[in-house]
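In listed order, ligands and their atoms are each counted from 1.
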Amino acid sequence: MSEDIKKVIIPVAGLGTRFLPLSRAVPKDFFPLVDKPVIQYILEEVKKSGIKEVIFVVSPGQKNIQNYFKKSPELEKLLVKRKRDNALKELKDLEEMFAGITFSYAVQKEPLGDGHALLQAAKQTNGEPVAVSFGDDVVYAEEPAIAQLINVFKTCNAPVLALKQLPREKVPAYGVVAVEKIANNLYKIKKIIEKPEPS
Ligand code: UTP
């Protein structure tokens, strides 16, 4: 029987070249999607999947995530004074939503790719199996994607990836796999190529 998974690594230290020049000023994980930043959807999925510890991989000096979750007493005082109850409630709701989850950070000194980013967090995992969620990947699903992956992991006790079908012209912008079907919605990965040359 495999262990349950309680930790997730979320790398957010990439260059975001596909969204330049915007990503120079706003990191991809903070792009707004309707009324929330992308990272909040990801953290909601993490929470619904029963994860208790989040390890972010950040670039040197990257503070936006800490700032997003940091309590801001001065701002709260001002909002009380101005009777901005709705805004205060938004801040309280965010705090309550992630109350039972601990956040820690690993620094990636140079953006050498997402695999390298994960290795920077390895020390903090104590050799336990962990989930990985990319800071720019929102999955809309009734059962949270991480919970689905954890369930598959418990049955096969091997690394499990979520796959997505793409039109051929988009393949060079993604990591792609060669697979063998083993059950409904379950494939054995035979080969992975990161952002292959167009052919
Ligand atoms: P991507 O593969 O989308 O790379 O990263 P990127 O650098 O952000 O974007 P492009 O390809 O240049 O447009 C997937 C996730 O891994 C993180 C990113 O921040 C993103 O959340 N990442 C990527 C790192 O933390 N470090 C890296 O060196 C690369």
Using only atom types and a distance under 3.5 Å, with no angle test, would you say the side chain of K36 pairs donor to acceptor with the backbone of Y41?
no
Ion pair present between K77 and E74, side-chain N to carboxylate O less than 4.0 angstrom?
yes
Which pairs count as side chain to side chain donor-acceptor pair (under 3.5 Å) when at least one residue sits in residues 133-151, sequence neighbours excluded?
K28-D136, E143-N151
For ligand 1, would you mind listing the residues that have at least one heavy atom less than 4.0 Å away, ordered by chain and number?
P11, V12, A13, G14, L15, G16, T17, R18, K28, Q108, P111, L112, G113, D114, A117, F134, G135, D136, K195
Salt bridge (Lys or Arg N to Asp or Glu O under 4.0 Å) contacts in which one or both residues fall within residues 106-126, not counting sequence neighbours:
none
Carboxylate-amine/guanidinium contact K89 D93, below 4.0 Å:
yes
Sequence neighbours excluded, the answer for ring pair (Phe, Tyr, Trp, His ring centres under 6.0 Å) partners of Y187 is none
